[in-house]
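Only this structure's heavy atoms are used, side chains among them; waters, hydrogens and symmetry mates stay out. Numbering of residues begins at 1 and proceeds along the displayed sequence. For ligands, and for the atoms within them, numbers begin at 1 and follow the listed sequence.
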Amino acid sequence: MGKETMYWKINEHLQKSEHAMKEAAMLLNKQEVVAFPTETVYGLGANALSEEAVSKIFEAKGRPSDNPLIVHVADESEIENYVTEIPTVAKKLIRAFMPGPLTVILHSNGKIARNVTAGLDTVGVRIPDHPVALELLRTANLPLAAPSANVSGKPSPTKAEHVRHDLDGKVAGILDGGTTGVGLESTVIDCTAKIPIVLRPGGITIEQLQQVVGDVMVDPALIQAKDQPKAPGMKYNHYEPDAPLWLIQGDIDFFKEQINLVKEQGKKVGVMASKELVQLVEADLIKPCGSREDLKEVAVHLYDTLRAFKKADVDVILCEAFPTTGVGQAIMNRLEKAASRKIVQDS
Ligand code: TXA
Ligand code: MG
């Protein structure tokens, strides 16, 4: 606490946004931190060329300093300013998916502040596909380091009110541009090796990546819990709701059994599941998060739904496991982390 947080509401057509943009850009140029919407989740931005500015991100979020930040730029032509080279695979990915929910990891040329890359010799770069984010980048005329604008460990923010809840009084400003589009973070892909490696599944699916560059590897740690993840951020607890979450792998009868087991212990049960499943169960608090038939819809509502369960209302949240096709892979990656790997499986 302590800071007065400025708050501006902007619509996606940027109507009457000039004044707010100028104020936000001015704060960024004074090495302050400002939260802004992107097409994935809200980001907490700071001048990526200033260690002083970037240190305020780590402070506001309570983020471990060994976890590097993604650098956001407004245009493809800016990427080369911060990297030693852009290999052919990266060029293809940039052409195909940017602006959009993809982050490419490249060799840093050292111009980006050291605390952005957490001492690594690589840097993650992306071009957000959101009019407010792009306009802010252009007005500030800076590359912006920006992690998700939540307190470390909590679900990422998809609405300005989530940012306010976590960071009011800790940041200089919040640009409210409404609900974000994709609802999950960008896919992070390391392009420094010959065959690119997905370090974090996200808005761009593995299938989409394969269509553009053919061979794509997936960080083994995403599949096998015992491996050390290559993206430093992937090893920390993440996305944790207020109450503990268990991920339920099994059919509807198995799900009902798990509800009953928790109820028998005298505990209050929350259920987070597809609208198809929630119709079939009874619990103390039930929140649908989209349709099993439309995983993109589940992605949009995932973090908001996680945030809606409070430990004052439920002792445990039982959550449906979703298919891992398409964006389902990113959804399940986030839910497994939200569950701290507490996965209840039908045998
Ligand atoms: O969609 C997004 O990517 C959002 C919006 C705001 O752009 N940002 C975001 O940032 O999700 P953050 O800080 O919450 O997650 C960044 C992830 C972390 O897992 C981090 O470890 C990884 O990217 N990362 C960043 N730079 C890296 C690097 N040089 N090498 C490996 N992993 C890196
Ligand atoms: Mg994050």
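Only protein atoms were considered; those of element N, O or S under 2.8 Å from the Mg ion (ligand 2) number 1.
Between Arg334 and Glu185 there is a salt bridge, since a side-chain N of the basic residue sits under 4.0 Å from a carboxylate O of the acidic one. The residues Lys310 and Asp242 are annotated as not salt-bridged, no charged nitrogen and carboxylate oxygen being separated by less than 4.0 angstrom.
Selection from Pro147, Gly119, Pro68 by nearest heavy atom to atom 12 (P) of ligand 1 gives Pro147. Evaluated by nearest non-hydrogen atom to atom 15 (O) of ligand 1, the leading choice among Glu185, His130, Arg200 is Arg200.
For the residue pair Ser274 and Glu320, a side-chain donor N or O sits within less than 3.5 Å of a side-chain acceptor on the partner. In summary, the side chains of His162 and Asn150 do not present any donor paired with an acceptor at a separation below 3.5 Å, with no hydrogens or angles considered. A donor atom on one side chain and an acceptor atom on the other are not found under 3.5 Å apart for Gln258 and Trp246. Arg126 and Thr38 are linked by a side-chain donor-acceptor pair at a separation below 3.5 angstrom, with hydrogens and angles left out of the test.
A ring-centre distance under 6.0 Å is found for Tyr239 and Tyr303.
Between Pro101 and ligand 1 there is no heavy-atom distance shorter than 4.0 Å. Taking a 4.0 Å cut-off on heavy atoms, Thr117 fails to register as neighbouring ligand 1.
For a threshold of 3.5 Å applied to N or O pairs, the pair formed by Ser186 and ligand 1 contains at least one separation below that value. Checking only distances, Ser148 does come within under 3.5 Å of ligand 1, N or O to N or O. For ligand 1, one of its N or O atoms has an N or O atom of Thr40 under 3.5 Å away.
Remark: Lys268 engages Asp284, Asp315 in a side chain to side chain contact (heavy atoms under 4.5 Å, CB included) (not counting sequence neighbours). Among residues two or more places apart in sequence or in another chain, the ring-ring contact (aromatic ring centres under 6.0 Å, His included) test is passed with Phe97 by none. Under the rule for a salt bridge (charged side-chain N to carboxylate O under 4.0 Å, His left out), Glu276 has no partner lying at least two apart in sequence or in another chain.
Lys159 is listed as a side-chain neighbour of Asp304, based on a closest heavy-atom distance under 4.5 Å.
If you look at Thr122 next to ligand 1, the close heavy atoms, those under 4.0 Å, come from the backbone and the side chain alike. Only the side chain of Arg63 comes within contact range of ligand 1, with a heavy atom under 4.0 Å; no backbone atom does. If you look at Asp190 next to ligand 1, there are no close heavy atoms at all, none under 4.0 Å.
Among Phe36, Tyr42, Trp8, the single residue meeting the side-chain contact (heavy atoms from CB on, under 4.5 Å) criterion with Asp176 is Tyr42.
Atoms of ligand 1 lying under 4.0 Å from at least one heavy atom of Asn67, given by number and element, are 18 (C), 20 (C), 21 (O). Within ligand 1, counting atoms from 1 as listed, the ones closer than 4.0 Å to a heavy atom of Gly43 are 6 (C).
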